[in-house]
2 protein chains.
Amino acid sequence: MSSERTYHHGDLRRAVLSAALDVIRAEGPSAVRLRDLARRAGVSHAAPAHHFKDRTGLLTAIAAEGYELLADALSEAPDLRERGVAYVRFALGHPAHFQVMFQPELHRRDDSGLLAAKERASAELRAGITTLDTVPEPRTAGIAAWSLAHGFATLLLTHNLDEPVGDRDPADAFRSLADLLFAPGAVQVPGK
Amino acid sequence: MSSERTYHHGDLRRAVLSAALDVIRAEGPSAVRLRDLARRAGVSHAAPAHHFKDRTGLLTAIAAEGYELLADALSEAPDLRERGVAYVRFALGHPAHFQVMFQPELHRRDDSGLLAAKERASAELRAGITTLDTVPEPRTAGIAAWSLAHGFATLLLTHNLDEPVGDRDPADAFRSLADLLFAPGAVQVPGK
DNA sequence: CCGCAATCTAGGCATTGACAAGTTCAGCGA
DNA sequence: TCGCTGAACTTGTCAATGCCTAGATTGCGG
């Protein structure tokens, strides 16, 4: 915060991550330039490499952090519907993480930290489905729930639902969708 | 196909597009290099620029073409459920287009061709919802259907559903999900 | 057959990611 | 307190890339 320039930055890793998240939020992952992040942090152009190895390493770290945050968020939700809400909230609250998480070409797939974090989030996702004991096909219902939440979040982030959702609270809007999935008889197909 | 080298390529635009789609399918949009595409087409490094202006122009053209293809695919489906199936089929059949379409930072947002194509696809999407006349909230149902299809397709493409879906035909798998949305009483929430 | 515009080539510049080698510094043991 | 060691950071460099400009080639309409 103070403008003192020491040889050692103090928390360059965090500073670079933070700057990268800013850039991604504004212009997407493709706009991330290692040298630019270094400039923003006030260090030399090669300094970030010491913390992340290379560009892919940085993006992998962001993805891993994202899965950790997602796992945390999911674990706090009581039932499946609220887990879906938490999923959407996470995506909107951490758009940069979310984008990078779901572009596998950007990461090092075999990174141990990433795999561990992804597994944690995955476990939380599965745990949510067990809330639905009485459902005939919990696996199908789980995929449906995840698809619904993921699709809604993605479409929101890509500005494809700006008019239909408008000023409405996205979490509330998602609850309406989830009710369609799990409240019996809410929707009838004409010819069925 | 033949190795004759003429000054004029003949269909460089198509060749560059096609090469770009190959690259995107294999390594994502960030791996697209204009100079590389030129090499693959056997032309000089600046030739593609004449057809697409710049990298963003190329990706914009791909997105526009994608929306055209999507609109075509949707228009052929009879009802809302099959329109969802068509949506998923499109995403799996044209993964490169799909990826680029839903990364707005990669296009020139104000491109007229893109806007027109997007509007066409959007209209087809809305048209599908009118199939559900008797539904209390068609708008909500429409968003739900789109979210479900989009989320399912995205998760499939990012290899997040490899185990759960496995060898099953994705189209069939999606029909199960869609039935959960629109077949009343298929799923019951315990405490409701 | 001419000329013109579309298509493509050639060269150059600034920027970038990655690498190698050197510099600064903080902490730790004797 | 001293000196050492390794982590954190800097400086310099290279190949590759996007984009720009100027020039060469060619097909096509008049």
Item to complete: Identify, with sequence neighbours excluded, every residue that meets side chain to side chain donor-acceptor pair (under 3.5 Å) alongside A/Asn160.
Response: A/Thr158
Worksheet item: Can you check the B/Leu37 CG to D/dC19 P distance for me, whole Å?
Response: 12 Å
Discussion item. Holding to side-chain contact (heavy atoms from CB on, under 4.5 Å), I want the full list of residues that pass it with A/Glu119, two or more places apart in sequence or in another chain.
Written reply: A/Ser122, A/Ala123, A/Arg126
Shorter than 3.5 Å, N or O on both sides, protein versus nucleotides 15-19 of chain C: list them out with atom names.
| residue | atom | partner | partner atom | Å |
| --- | --- | --- | --- | --- |
| C/dT16 | OP2 | A/Arg39 | NH2 | 3.4 |
| C/dG17 | OP1 | A/Leu34 | N | 3.1 |
| C/dG17 | OP2 | A/Leu34 | N | 3.2 |
| C/dG17 | OP2 | A/Arg35 | N | 3.3 |
| C/dG17 | N7 | A/Arg35 | NH1 | 2.4 |
| C/dG17 | O6 | A/Arg35 | NH1 | 3.0 |
| C/dA18 | OP2 | A/Arg55 | N | 3.1 |
| C/dA18 | N6 | A/Arg35 | NH1 | 3.3 |

Hey, can you pull the donor-acceptor pairs under 3.5 Å for the side chains in residues 139-146 of chain B, sequence neighbours left out?
| residue | atom | partner | partner atom | Å |
| --- | --- | --- | --- | --- |
| B/Thr140 | OG1 | B/Glu137 | OE1 | 3.0 |
| B/Trp146 | NE1 | B/Tyr87 | OH | 3.0 |

Worksheet item: Are A/His50 and D/dC9 close enough that a side-chain N or O sits under 4.0 Å from OP1 or OP2?
Response: no
Worksheet, complete the sentence: Residues pairing under side chain to side chain donor-acceptor pair (under 3.5 Å) where one sits in residues 11-21 of chain B, two or more places apart or in two chains, turn out to be B/Arg14-B/Glu65
Discussion item. Does anything in residues 43-59 of chain A form a side chain to side chain donor-acceptor pair (under 3.5 Å)? List the pairs, not counting sequence neighbours.
Written reply: A/Asp54-A/Arg108
Worksheet entry | Those residues of residues 16-23 of chain A lying under 4.0 Å from DNA chain D by at least one heavy atom | none
Item to complete: For A/Phe102, check ring-ring contact (aromatic ring centres under 6.0 Å, His included) against everything at least two apart and list the hits.
Response: A/Phe98, A/His150
Please tabulate, for the side chains in residues 161-176 of chain B, all donor-acceptor contacts under 3.5 angstrom to protein atoms that are two or more places apart in sequence or on a different chain.
| residue | atom | partner | partner atom | Å |
| --- | --- | --- | --- | --- |
| B/Asp162 | OD2 | B/His159 | ND1 | 3.2 |
| B/Arg168 | NH2 | B/Ser176 | OG | 2.8 |
| B/Asp169 | OD1 | B/Ala171 | N | 3.4 |
| B/Asp172 | OD1 | B/Arg175 | NH1 | 2.9 |
| B/Arg175 | NE | B/Glu82 | OE2 | 2.9 |
| B/Arg175 | NH2 | B/Glu82 | OE1 | 3.1 |
| B/Ser176 | OG | B/Asp172 | O | 3.4 |

Worksheet item: Can you check the B/Arg108 CZ to D/dC19 C1' distance for me, whole Å?
Response: 12 Å
Worksheet, complete the sentence: Of all heavy-atom pairs linking B/Leu12 and B/Pro48, the shortest is CD2-N, 4.4 Å
